[in-house]
Every structure is written in structure tokens, then in C-alpha cells.
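Below is one structure; the comments refer to it alone.
Keep in mind that the numbers below use all heavy atoms, side chains included, and drop hydrogens, waters and symmetry copies. The chains referred to below are lettered A, B, ... by the order of the sequence lines, with proteins before strands, and numbering in each begins at 1.
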Amino acid sequence: AQRVTQPEKLLSVFKGAPVELKCNYSYSGSPELFWYVQYSRQRLQLLLRHISRESIKGFTADLNKGETSFHLKKPFAQEEDSAMYYCAPSNRLAFGKGNQVVVIP
Amino acid sequence: KAGVTQTPRYLIKTRGQQVTLSCSPISGHRSVSWYQQTPGQGLQFLFEYFSETQRNKGNFPGRFSGRQFSNSRSEMNVSTLELGDSALYLCASSGTVVSGANVLTFGAGSRLTVL
């Protein structure tokens, strides 16, 4: 079964500091992983997917098969990054429990 | 094109009642998934429908049920409501391989409060 784990529920960082959200997966076969974001009073939406290998809003996520991880990173956090972030596998059955990110001005 | 539409947006029920929530997916999307979102548990998968067939089901009691119609619209029903059913219920649709079959587009949700 495809499973993901997000170990930290709440992450507070200062503006301009790096932010890293951890996501570990357990998978059989080739994983396809996503990060979704939910800003305050907005819909849950796709942030990025690993196969696109692109940077969205300054965020990147690299699939590390050796560590079975798909951590989300941004070198300099901005206040508008405050949101709820979810890691999810392609089978959409098992979202992680989410990370609440608070960027302190 | 129009996004995923969920109705009603807010509703209040009492214990023991039942509720039906509706979801209209993006035009052309045939897969609809339902989730329960709570602060403590995050997003929990309820079920997924594709072409009127339930493709997957999460670990929820039988009080939770759903269906999908030929136009891909979906409904979920919760019978004999309990206080713990208070949550935001999210619907998401996904499309073809070309548009990203595994990418979910979410609705705004239906906020259910059980008193």
C-alpha cells in the first residue's frame, strides 16, 4: 500500500529563514508524489509534483529513493507561505496528516 | 472552465439525523474522491468513484456511503450522525492522463456541524 508520513504537525519559521517539510513514503513500485497546499480561506490546491521537477513559488521537492523521502524545501520563507501543506501519493488514498507552517514576520 | 462545486457549503445537523452532500466535478473529469478533513486527523480518504463505480473505499463505518451518477456528479451520505462527524468534507476530481490523471482538483468543501 502507498503510504506517506509527515512527522511534524506545526512548523514555525522566521521570515527569510529556510523551511523544510518532511515527507517519507512507503511504496511498492515507482512512486509518484505530490505536495498540496491550503492557504487560509482557500481551497486545497496542487503545489507541485515530483515528475515535473520544477520550482513553484520558490519551493522544490526532490524524490530521494534511497531515503524514501520527498521533502519540500524553500530557502527563504515568506509570510505568504503560511499555510497547511500535505504530502500525497498518486493513489490519493493516503494523504499525510499535514504540516501547519507559520512564518513569523 | 468551472471548478469543482460542492453543495451545501455549510450545514448544521443534530445527532441521529442524516445528511447528503453533493459534488459536481470539473467538466470531463470522471473520477471523484471524497475526504474528511479535521484538525486532528488531517485529510482522511472516504471513497473514490470512477464512471459510476466505487473504485476505492477508506476505513470509515458503513454509515458513510456515496454514489456517482452518469454525468459524473457525486453524492455522499452520512446516516445516524454522530458528534465526531463534524468536519469539512472535501470532494476532488481528476481527469485524463493528458491533463494529469493523478492530479486532484478540490472543491471548497462542505462544513458539517453536528450538535
Side-chain angles (χ1 to χ4, degrees), chain A residues 1-11 21-25 27-54 56 61 63 70 72 82-102, chain B residues 1-7 9-10 23-26 29-50 54-60 64 66 74 87-111:
Chain A
Q2 299 177 1
R3 293 187 182 277
V4 295
T5 305
Q6 294 177 252
E8 300 132 347
K9 290 197 73 175
L10 177 63
L11 191 65
L21 304 181
K22 298 185 188 299
C23 174
N24 290 94
Y25 67 89
Y27 245 78
S28 54
S30 298
E32 183 182 3
L33 291 156
F34 303 80
W35 278 98
Y36 287 84
V37 61
Q38 189 172 33
Y39 301 104
S40 178
R41 302 184 190 279
Q42 293 188 30
R43 302 182 181 205
L44 191 59
Q45 58 187 286
L46 177 71
L47 179 61
L48 54 79
R49 52 193 301 197
H50 90 275
I51 62 172
S52 62
R53 302 183 68 83
E54 57 189 339
I56 304 292
L63 184 65
F70 186 54
L72 184 68
S82 295
M84 194 75 179
Y85 294 81
Y86 291 94
C87 180
S90 60
N91 73 354
R92 89 271 311 266
L93 303 185
F95 274 68
K97 291 201 172 183
N99 292 122
Q100 179 71 53
V101 172
V102 175
Chain B
K1 49 186 174 180
V4 177
T5 304
Q6 291 188 246
T7 57
R9 289 293 315 279
Y10 303 91
C23 172
S24 293
I26 288 174
H29 284 192
R30 294 164 62 188
S31 171
V32 173
S33 301
W34 287 90
Y35 297 87
Q36 183 193 68
Q37 186 180 34
T38 57
Q41 298 299 319
L43 274 173
Q44 293 188 280
F45 174 78
L46 282 156
F47 20 67
E48 179 197 3
Y49 287 89
F50 181 83
Q54 188 179 85
R55 197 152 66 169
N56 288 292
K57 188 177 191 306
N59 190 26
F60 277 80
F64 291 80
S74 178
L88 181 67
Y89 289 87
L90 293 175
C91 165
S93 70
S94 57
T96 64
V97 172
V98 172
S99 64
N102 291 324
V103 176
L104 297 173
T105 302
F106 284 86
S110 293
R111 171 77 63 185

Q | A:Gln38, part contacting chain B, at a heavy-atom distance under 4.5 Å | A | side chain
Q.
Would you say the ring centers of B:Phe45 and A:Phe95 fall short of 6.0 Å from each other?
A. no
Q) Where does B:Gln37 contact chain A at under 4.5 Å (heavy atoms): side chain, backbone, both or neither? A) side chain
Q) chain A heavy atoms under 4.5 Å from B:Phe47: which part of the residue, side chain, backbone, both or neither? A) neither
Tell me which donor-acceptor pairs under 3.5 Å the side chains of residues 103-111 of chain B have, and how far apart each pair is, sequence neighbours excluded?
| unit_1 | atom_1 | unit_2 | atom_2 | d |
| --- | --- | --- | --- | --- |
| B:Ser110 | OG | B:Pro8 | O | 2.6 |

Q: For A:Lys22, enumerate each residue passing the side-chain contact (heavy atoms from CB on, under 4.5 Å) test, keeping only those at least two apart in sequence or located in another chain.
A: A:Pro7, A:Glu8, A:Glu20, A:His71
Q. So which part of B:Thr38 gets closer than 4.5 Å to some heavy atom of chain A, the side chain, the backbone, both or neither?
A. neither
Q | Gap separating the CG atom of A:Leu93 from the CG atom of B:Leu43, nearest 0.5 angstrom | A | 12.5 Å
(Q) With chain B as the partner, which of A:Gln45, A:Gln42, A:Met84, A:Lys9 has the greatest number of non-hydrogen pairs under 4.5 Å? (A) A:Lys9
